[in-house]
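Following: one structure in structure tokens, then a few remarks.
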Amino acid sequence: MTSATGPAAMSSASTRAPSRRASLGQRIWTQRADYLYVLPALVVMLIVIAYPVYYTIELSFFKTPTSLQLKDKIFVGLENYTTILTSGSFWQVTWQTLIWTFFSTLFAFLLGLGAALALHGEFVGRGVLRALLLIPWVVSAVAASYVWKWLYHSDFGAIGALLVQLGLTDQPINFIDNRSTALASLIVVNVWKEFSFAMIMLMAGLQTVPEQLLRAARVDGASPWQRFWHVTFPHLAGVSTVTVLLLTVQNFNSFIIPWIMTGGGPAGASDIWITQIYQLAFGRQRWGVAAAYSVLLFLIMMVLGYFYVRALTRGDDARAGA
Amino acid sequence: MAQVVLKDVVKNYGSVYAVNHVSLTVNDGEFVALVGPSGCGKTTTLNLIAGLIPISDGTIVIGEREVTRLDPKDRDIAMVFQNYALYPNKTVFNNLAFPLQMRKQPRETIEEKVKAAAKVLDITHLLERKPRELSGGQQQRVALGRALVRDPAVFLMDEPLSNLDAKLRVQMRSEIKRFHHNLNATVVYVTHDQLEAVTMADKMAVMNGGFLQQYDTPAQVFANPVNTFVASFVGSPAMSLIPLQVVTHGTDVALQSAEGWELPLSPENARKALSAKGKDVVLGARHSTLKLHKAPHPGAVPGRVYTVEPTGDVTFAQVFIAEAVVNISVEPTVMLDPDEQVWIEFDQSRLHLFDGETTMALSAR
């Protein structure tokens, strides 16, 4: 009895396996209409995204002396990469990029969280305050950078004048033309510019915290701080992750503020990857090295992107699994 | 355990009164249901007792203490919420332990109390799980457990069963009743389902439009509703209400319909009818007190069948009488067709009369 059913069951299982996992071509063919619908978008994406990425990668293996035309570039293998990784400035710029990204993200998130919590309560003038706090985010980055440049100005800057009037310093501080303060000053501007984004994200998150949970915690004897820590903050974990990742990506890639305010100076003290790449490519026409730099940046972004997509879809998986 | 006293409790938002001068006393160990349609102020009343929303006027006493202005945590209450309100990121154990942790109890005491509560509610095997891994009934038990560990003076329950499916609801209903019985707990229970209130509560407080309408045992509320609202809210199907006019022929008193038929009243009912402010009265009758005849019958009034709903044990017929829909239960063997002409006989000793103007029940003083 068992010997008869054993092989029969096995063979039926083995014949069922391929039909259950139809070949990729077959599956695409059965869903051809779906693919057809996304084809136009796919073609555009290939032209405007895939091709430039490919070209950058290709370029990163070539030398492009300014004496030659770009089409006469010379293949040099990984030389551009070794040039970058062995140069002294690379590690300094990387270190500055990490400081810039880390502190910009940290303070923008914390400030945004504080603002979101403050604006979550009901009080007179909440709408006006919310609108005011949104201004940094909607204002043009270029305009804001020029305004801040003036605020920081060593002779005519309002901040310097204020500090002198308050008696905190004798002389106006030279914020952005000083090697030791340039990067920190830029981070302040960046945090000011993007904390509103974190605020909006977290305000949206706060509105999804169930009122009944907060009430339950109140009845259970939790203080406001304990309610925040045990109910609100865990509830914000998802949106916080997404916000921090988006800010990190944005800061790693930021260009406008450092470029306009200091151009990476003085003496490279506020140079970050993007400004460095821009200078290499469009300042010194070293396309190959700039391309190699971009490829490295691209790889880092891919890693961050992976975590971002995972954070975004984790909720979907949980829902699909449930 | 303790008693709860509400005295002239008011909650208003400007000119809108969510709770309008409500006074009631919940005795020690009593199970009281606050019941009414949505927006009647029952949940607001519960939240006022809990201290979750500030009171506008009046006083609340729990046990021997006035708690009117105290924080929820200082009122010695525990609350069970409609959607359970379990902390999603904490295990069942930590959910149960949370109120004790917030009160800075020593670790051993917490463990002991949580395990005891889990044992009572039969959730010991779930202690390491997260709320999302539990079924609705299990989550409800955890929510009860979280209230139980504290050993509070009063349990407040806000529609705890309305998220459960019908079968589980009946089961949890008896479990909560058992829970109340075993602990001899004081419970204030909010529900929109009058059946829950009738089956579970020692007393029910029927609310409407922010006002307390009637506060009595379910049997009393069922037998002697104070006004047409309570009459039509309690009981399933609801009491049928027929607006009629009082007419007198010498010493005989009858109720007359717009269609012209008259229903002579017994002497006691006649006295009730005459105590009405005007001519308008509302006749109330429960389905089981009515008798349906297929042919004209002395004392029976004419009606027309609207719908017939067989339920197995009993068939409910809805009959139009004087433009009002009247529920009548008949034997399942009785065959009725829509639009069929029937005659309805009232039981004079079990009908209710309400004043057509004030909607209040009439009495034969």
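In this text the structure is predicted, and so the values were computed from the model without any measurement.
- When all heavy atoms are compared, the tightest approach of B/Tyr87 to A/Ala217 is OH-CA, 3.1 Å.
- Without hydrogens or angle criteria, B/Arg146 side chain to A/Ala216 main chain gives no donor-acceptor distance under 3.5 Å.
- Contact tally against chain A (heavy-atom pairs below 4.5 Å) for B/Met102, B/Lys73, B/Arg132, B/Gln101: the top residue is B/Met102.
- Each of B/Arg103, B/Arg75, B/Met79, B/Glu133 has some count of heavy-atom pairs under 4.5 Å with chain A, and the biggest count is that of B/Arg103.
- In this structure, the portions of B/Gln82 lying under 4.5 Å from any heavy atom of chain A include both its backbone and its side chain.
- Open room surrounds OH on B/Tyr17; 12 or fewer heavy atoms of other groups in view lie less than 6.0 Å from it.
- In the displayed structure, A/Tyr306 atom OH is contacted under 6.0 Å by at most 12 heavy atoms of other residues, nucleotides or ligands.
- Residue A/Arg32 qualifies as enclosed at atom CZ: its count of foreign heavy atoms under 6.0 Å is above 12.
- Among all heavy-atom pairs drawn from B/Leu52 and A/Arg218, the shortest one is O-NH1, 3.2 Å.
- Within a 6.0 Å radius of CH2 in A/Trp137, no more than 12 heavy atoms belonging to other residues, nucleotides or ligands are found.
- Residue B/Glu64 qualifies as open at atom CD: its count of foreign heavy atoms under 6.0 Å is 12 or below.
- For A/Tyr37, the OH atom counts as loosely surrounded, since its 6.0 Å shell holds 12 or fewer non-hydrogen atoms of other residues, nucleotides or ligands.
- Heavy atoms of B/Ala78 lying under 4.5 Å from chain A belong exclusively to its backbone.
- In B/Lys7, the NZ atom is not crowded: 12 or fewer heavy atoms of neighbouring residues, nucleotides or ligands sit closer than 6.0 Å.
- The shortest distance between side-chain heavy atoms of B/Pro88 and A/Leu213 falls below 4.5 Å.
- With contacts defined as side-chain heavy-atom distances shorter than 4.5 Å, the pair B/Asn89/A/His230 does not qualify.
- Residues A/Gln212 and B/Asp158 share a closest heavy-atom pair of NE2-OD2, 4.3 Å.
- Looking at B/Leu100, there are no atoms closer than 4.5 Å to chain A (heavy atoms on both sides), in backbone or side chain.
- Residues B/Asn47 and A/Arg215 are in side-chain contact: their nearest non-hydrogen atoms beyond the backbone lie under 4.5 Å apart.
- Interface remark: A/Val219 contributes backbone and side-chain atoms alike to the contact with chain B (heavy atom separation under 4.5 Å).
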